[in-house]
Amino acid sequence: MNPALSAEESVRREALDKLRHLGIDPFPASAYQVTHTTAQVREGYQEGMRVRIAGRFMNQRVMGKASFADLHDHTGKVQVYMNVDQLCPGEDKSFYNNVVKHLLHNGDFIGAEGVLFITRMGEISVNVDQLTVLAKSIKPLPAVKVDADGVSHDAFSDPELRFRMRYVDLVVNDRVRETFIRRTAIIQAMREFFNSRGYLEVETPVLQPIPGGAAARPFITHHNSLDIPMYLRIANELYLKRLIVGGFHGVYEFSRNFRNEGMDRTHNPEFTVMEIYVAYQDYLWMMDFTEEMLETICLRVLGTTEVRIGDNTLDFRRPFRRVTMTEAIFEHTGLDITGKTEDELRAFCISLGIEVNPAMGRGKLIDEIFGATAEGKYIQPTFITDYPVEMSPLCKRHRNNPELTERFELMVNGKELANAYSELNDPIDQLGRFEEQLRLMERGDDEAMYIDHDFIRALEYGMPPTSGMGIGVDRLVMLLTGNTTIQEVLFFPQMRPERRETGPNLSAFEDAGVPRDWVAHIIKAGYESPEKLAAAKPTAIHQVLNGYRKKNKLDIPALQLEEIQTWISSIQG
RNA sequence: GAUCUCGUAGCUCAGCUGGUAGAGCAAUACACUUUUAAUGUAUGGGUCCUGGGUUCGAGUCCCAGCGGGAUCACCA
């Protein structure tokens with residue numbers, strides 16, 4: 001009877017003790033060797049076959065001397081049938097009557113051994129003759145029921161609780177487990193696609209002295225023995241290019257990146273990007289490669305290139321449409337940005353109702369126009385190519401137009417999914433672009449990039465022509481699992497930490513000599529702290545507590561007045 | 001960071017213009033040896049997020065805080 005526990009939790013804790021009294025360890029140490037998964041039972045059914053399975057005991061249906069329950073394991077569930085004569089062939093029926101009917105609870109892990117049969121209702125079941133408690137669950141799982149049509153009743157649906165307690169979410173919501181299995185399948189398909197072409201998976205620093213490779217606010221930490229600030233990476237791009245300088249012809253990394261920015265349904269402070277760099281290739285090749293990769297992943301993981309998301313059906317079948325940035329803006333606004341000055345573009349932005357400020361250069365203004373008018377319109381996979389040079393400081397200038405770059409972004413469902421360049425490998429141009437970023441920073445652009453002099457030095461030693469591509473893994477998983485929030489595809493999305501419950505301090509009572517058994521009752525009786533207890537008259541406490549004991553039929557000795565006086569003098573020190 | 005919105009039993013939710021805290025599932029007890037959202041009968045379970053305020057009286061109205069969600073902004 002701890003006031004911090006719900007009635008159900010108390011019942012389960014009492015069941016622990018009762019099991020121990022019966023000589024059953026609720027948390028046995030020894031391994032339990034299963035012979036089948038529940039899926040193997042369902043698929044390889046043979047009447048009379050003996051199986052040993054293990055999993056969570058769920059949704060028990062007691063019918064007197066017989067009962068049913070579902071045993072859930074990582075492959076699904078199978079029904080177990082327990083009747084008193086099978087489980088207790090001798091005179092002593094107490095295992096069935098006590099343990100099975102009263103001391104097992106929803107969510108307990110059990111092992112079950114028995115023979116297979118099919119019930120009158122036509123369900124494959126295990127007629128259990130050996131049942132082993134493997135681990136008690138002392139907190140009740142949400143009571144989700146799924147009916148014959150697969151409809152969930154009383155689903156565990158509160159997003160806060162689901163994301164804070166993903167372990168519970170995974171147990172009671174099957175779809176969640178499937179989403180994460182598919183996430184891993186997508187990543188594996190991608191990895192196999194790269195490996196089959198001979199590209200090398202690598203690892204590069206997460207802790208970086210300069211947060212380079214992208215424009216974003218970093219998380220800052222401090223290295224004690226070097227006594228310098230360190231940054232969690234916002235990107236790994238500059239390190240992968242160093243490896244191309246070093247002679248690898250193709251490298252890729254699944255990079256967990258960290259950005260100290262807002263959180264919403266498509267942004268988490270840490271997120272995963274797959275970046276790949278291939279020597280001697282350009283962005284045109286990379287478009288072909290990206291199409292092929294996505295088509296392959298879809299076929300491998302989904303068996304089709306079509307994906308339903310919301311009201312849209314996306315098709316990842318090659319080839320994807322290719323549109324230049326200039327064409328895209330013309331298509332959606334009627335404006336041809338070719339040759340337009342910064343002032344003309346700014347005026348156009350204002351006419352579209354886009355907020356502008358003096359820090360915005362020509363490239364930024366074009367990007368704003370695109371973002372406001374065109375970006376959301378590309379539902380089917382579409383490559384947007386040839387971005388203005390100011391927006392792309394790490395990208396090679398376009399072979400036909402020095403104001404543009406050889407860059408593409410892949411837009412899917414109105415959002416950016418991938419980003420790729422013909423990588424800038426001219427060290428002098430690269431330094432100039434970094435210096436331009438510095439000027440933007442001085443103009444007030446807080447997203448401009450830092451200069452990484454070691455990276456410049458690497459380029460000075462020579463980097464082959466290279467194309468690189470980055471793809472948002474979380475967003476890809478969202479698309480291929482039909483989810484619209486990033487939290488649904490991350491096991492543990494970032495949330496504000498829970499406030500620690502500042503409940504009554506139980507040990508403070510024990511320190512004052514109050515018997516352990518009494519502490520919870522004393523709090524429940526209204527004395528929330530030792531100080532409150534000491535402020536009351538000992539005779540009154542004596543009467544209240546013994547009255548409480550009698551009313552609640554507590555199985556602990558009645559209190560003597562002297563004991564209470566001892567506590568109080570102890571509290572008062 | 002801004003705006004809107006939500007916070008009631010273990011879970012999902014009702015609770016009207018302020019008047020004794022409700023349901024289903026879950027739990028407990030009993031009955032029931034092939035049930036399956038098992039069923040039937042009975043019982044227990046609440047700091048109505050927290051703290052102030054208005055009021056004879058607040059789950060309900062007001063203010064502040066905490067936490068979530070949505071929409072923005074920033075970004076991928």
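Within every chain, numbering begins at 1; the chains are lettered A, B, ... in the order of the sequence lines, protein sequences first and strands thereafter. This is a predicted model, so every value here is computed, not measured.
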field: With sequence neighbours excluded, residues passing ring-ring contact (aromatic ring centres under 6.0 Å, His included) with A:F219
entry: none
field: All side chain to side chain contact (heavy atoms under 4.5 Å, CB included) counterparts of A:Q79, not counting sequence neighbours
entry: A:R61, A:F68, A:D70, A:T119, A:E123, A:S125
query: Does a nitrogen or oxygen in the side chain of A:R162 sit under 4.0 Å from OP1 or OP2 of B:rG68?
result: no
task: Please list, chain by chain and in numerical order, all residues satisfying ring-ring contact (aromatic ring centres under 6.0 Å, His included) with A:F408, sequence neighbours excluded.
output: A:F383
query: Under the ring-ring contact (aromatic ring centres under 6.0 Å, His included) test, which residues partner A:F180, sequence neighbours left out?
result: A:F491
query: With distance as the sole criterion, do the side chain of A:D264 and the base of B:rC74 form a donor-acceptor contact below 3.5 Å?
result: yes
- request: Assign a letter to each nucleotide of nucleotides 39-44 of chain B from its 5' end: B, base within under 4.0 Å of a protein heavy atom; S, sugar-phosphate only; -, no contact.
  value: ------
- prompt: Can you check whether A:R265 has a side-chain N or O nearer than 4.0 Å to OP1 or OP2 of B:rU71?
  reply: yes
Residue list, side chain to side chain contact (heavy atoms under 4.5 Å, CB included) with A:K65, at least two apart or on another chain: A:V84
- request: Taking only the side-chain nitrogens and oxygens of A:N260, find out if one of them lies under 4.0 Å from OP1 or OP2 of B:rC74.
  value: no
task: Look at A:Q487 and B:rG69 and indicate whether a side-chain polar atom (N or O) is within less than 4.0 Å of OP1 or OP2.
output: yes
task: State whether a side-chain donor-acceptor pair under 3.5 Å links A:T38 with A:D73.
output: yes
Just distance, no hydrogens or angles: give the donor-acceptor pairs under 3.5 Å from side chains in residues 385-395 of chain A, sequence neighbours left out.
{"from": "A:D386", "atom 1": "OD1", "to": "A:Y283", "atom 2": "OH", "distance (Å)": "2.7"}
{"from": "A:D386", "atom 1": "OD2", "to": "A:H398", "atom 2": "NE2", "distance (Å)": "3.4"}
{"from": "A:Y387", "atom 1": "OH", "to": "A:E409", "atom 2": "OE1", "distance (Å)": "3.3"}
{"from": "A:S392", "atom 1": "OG", "to": "A:R407", "atom 2": "NH1", "distance (Å)": "2.7"}

- request: Enumerate the residues from residues 384-393 of chain A whose closest heavy atom to RNA chain B is under 4.0 Å, giving them by residue number; use none for an empty result.
  value: none
task: Determine which pairs satisfy salt bridge (Lys or Arg N to Asp or Glu O under 4.0 Å) with at least one residue from residues 365-381 of chain A, sequence neighbours left out, and list them in order.
output: A:K364-A:E368
message: Once rounded to the nearest 0.5 Å, what's the spacing between atom CD1 of A:I471 and atom CG of A:L417?
response: 4.0 Å
query: Which residues satisfy the side chain to side chain contact (heavy atoms under 4.5 Å, CB included) test with A:A372, sequence neighbours excluded?
result: A:I354
message: Going by the rule side chain to side chain donor-acceptor pair (under 3.5 Å), which residues pair with A:T481 if we only count those two or more places apart in sequence or in a different chain?
response: A:N483
query: Below 3.5 Å, does any donor atom in the side chain of A:T119 face an acceptor in the base of B:rU35, or the other way round?
result: yes
Between the protein and nucleotides 28-30 of chain B, list the N/O to N/O atom pairs that are separated by less than 3.5 angstrom.
{"from": "B:rU28", "atom 1": "OP1", "to": "A:H105", "atom 2": "NE2", "distance (Å)": "2.9"}
{"from": "B:rA29", "atom 1": "OP2", "to": "A:H102", "atom 2": "ND1", "distance (Å)": "3.1"}

